[in-house]
Amino acid sequence: TDDEAVNQAVSRDAAKRRIFCNVVDRPEECSFIVPSLVEQGPIKIAISTGGLSPALAKRLRMELGAMIGEEYEILARILGALRPLVLSQEGGHEAHKRVFEVLVNSELLDAIRQHDTELVHTILEQALGQTIDLEGLLP
């Protein structure tokens with residue numbers, strides 16, 4: 001509300017009843033803080049200043065949002081599609097983790113960014129040892 005006394009009363013009453021309460025711009029009266037979100041398809045980044053500066057959280061959201069282009073969404077969807085295949089292979093957790101780290105740190109993101117479908121297929125084939133069907137995942 002626009003009434004500080006009412007907001008304090010609501011916060012106190014909520015705390016007594018163990019009910020979550022967020023008083024906008026009053027982190028000391030909150031039992032939770034709503035982060036600012038960057039969303040690009042399946043990618044979600046939560047940004048918080050602990051309630052100290054919503055304006056700063058908004059600026060960070062805008063700057064980070066500008067950095068997370070469509071290529072990251074495409075990469076996330078490709079990695080998600082590959083996940084069952086990789087996890088079904090032998091080698092255990094560490095081997096599976098290594099495959100994803102190799103892919104994430106390869107030229108795959110740049111190939112997606114440059115719309116180089118041939119290079120995307122080559123990188124995946126080299127990393128996984130087989131041809132991968134990317135139907136519907138690449139623009």
Side-chain angles (χ1 to χ4, degrees):
T1 72
D2 290 336
D3 186 326
E4 195 166 322
V6 170
N7 292 345
Q8 288 174 345
V10 169
S11 177
R12 266 192 320 274
D13 289 347
K16 286 178 189 172
R17 291 176 176 80
R18 300 183 65 182
I19 298 171
F20 289 119
C21 179
N22 179 282
V23 180
V24 176
D25 294 334
R26 298 281 190 214
E28 66 279 0
E29 295 177 19
C30 297
S31 54
F32 74 96
I33 295 170
V34 179
S36 189
L37 293 177
V38 173
E39 297 184 75
Q40 179 69 30
I43 298 172
K44 314 282 188 249
I45 302 171
I47 302 157
S48 175
T49 59
L52 297 179
S53 180
L56 177 58
K58 180 180 178 181
R59 178 177 174 160
L60 288 168
R61 182 191 78 221
M62 293 172 69
E63 288 183 16
L64 290 172
M67 292 172 55
I68 309 297
E70 178 189 31
E71 66 273 17
Y72 286 94
E73 177 180 352
I74 294 167
L75 178 59
R77 292 189 191 285
I78 290 171
L79 295 173
L82 296 176
R83 191 169 179 78
L85 170 70
V86 172
L87 296 179
S88 72
Q89 295 177 343
E90 293 182 14
H93 175 74
E94 287 302 315
H96 301 153
K97 179 179 164 185
R98 211 170 18 260
V99 170
F100 288 112
E101 287 176 353
V102 164
L103 289 172
V104 167
N105 293 308
S106 72
E107 295 177 21
L108 185 55
L109 184 63
D110 288 331
I112 294 168
R113 190 178 282 131
Q114 296 164 9
H115 303 286
D116 189 340
T117 305
E118 187 177 321
L119 182 55
V120 169
H121 283 282
T122 300
I123 292 168
L124 293 175
E125 190 170 328
Q126 288 174 350
L128 302 169
Q130 64 187 60
T131 302
I132 303 298
D133 180 14
L134 298 176
E135 183 71 34
L137 293 174
L138 295 173

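Start at 1 with the first residue, then count along the sequence. We use all heavy atoms of the structure for the numbers below, so side chains are in, but hydrogens, waters and symmetry mates are not.
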So, do [X] and [Y] sit near enough that their side-chain heavy atoms are less than 4.5 Å apart?
{"X": "Glu4", "Y": "Arg26", "result": "yes"}
{"X": "Leu79", "Y": "Val104", "result": "yes"}
{"X": "Leu134", "Y": "Leu124", "result": "yes"}
{"X": "Leu138", "Y": "Ile78", "result": "yes"}
{"X": "Leu60", "Y": "Ser36", "result": "no"}
{"X": "Leu82", "Y": "Val99", "result": "no"}
{"X": "Leu37", "Y": "Ile47", "result": "no"}
{"X": "Thr131", "Y": "Asp133", "result": "no"}

With hydrophobic residues grouped by side-chain heavy-atom distances under 4.5 Å, do [X] and [Y] end up in a single group?
{"X": "Val24", "Y": "Val10", "result": "no"}
{"X": "Met62", "Y": "Met67", "result": "no"}
{"X": "Phe100", "Y": "Leu137", "result": "yes"}
{"X": "Leu56", "Y": "Leu52", "result": "no"}
{"X": "Ile43", "Y": "Ile74", "result": "yes"}

To the nearest 0.5 Å, what is the distance between [atom1] ([X]) and [atom2] ([Y])?
{"X": "Lys58", "Y": "Thr49", "atom1": "NZ", "atom2": "OG1", "value": "13.5 Å"}
{"X": "Arg83", "Y": "Leu85", "atom1": "CZ", "atom2": "CG", "value": "12.0 Å"}
{"X": "Leu87", "Y": "Lys97", "atom1": "CG", "atom2": "NZ", "value": "13.5 Å"}
{"X": "Thr117", "Y": "Ile112", "atom1": "OG1", "atom2": "CD1", "value": "9.5 Å"}
{"X": "Ile68", "Y": "Ile45", "atom1": "CD1", "atom2": "CD1", "value": "4.0 Å"}
{"X": "Ser88", "Y": "His96", "atom1": "OG", "atom2": "NE2", "value": "7.5 Å"}

Looking at [X] and [Y], what are the two nearest heavy atoms and their distance?
{"X": "Glu29", "Y": "Ser11", "result": "O-OG, 2.5 Å"}
{"X": "Gln89", "Y": "Gln130", "result": "NE2-OE1, 4.4 Å"}
{"X": "Glu107", "Y": "Ile123", "result": "C-CD1, 3.6 Å"}
{"X": "Ile33", "Y": "Gly51", "result": "CD1-N, 3.6 Å"}
{"X": "Ser31", "Y": "Phe20", "result": "OG-CA, 3.2 Å"}
{"X": "Ala95", "Y": "Glu90", "result": "CB-O, 4.4 Å"}

*Start with the C-alpha distance between Glu71 and Leu75, add both sets of side-chain angles, then the distance that settles side chain to side chain contact (heavy atoms under 4.5 Å, CB included), and finish with yes or no.*
CA-CA 6 Å; Glu71 66 273 17; Leu75 178 59; over 6 Å; no

*Can you establish whether the number of heavy atoms outside Glu118 located under 6.0 Å from its atom CD is more than 12?*
no

*asked:* Donor-acceptor pair, distance only, cut-off 3.5 Å: does the side chain of Asn22 make one with the backbone of Cys30?
replied: no

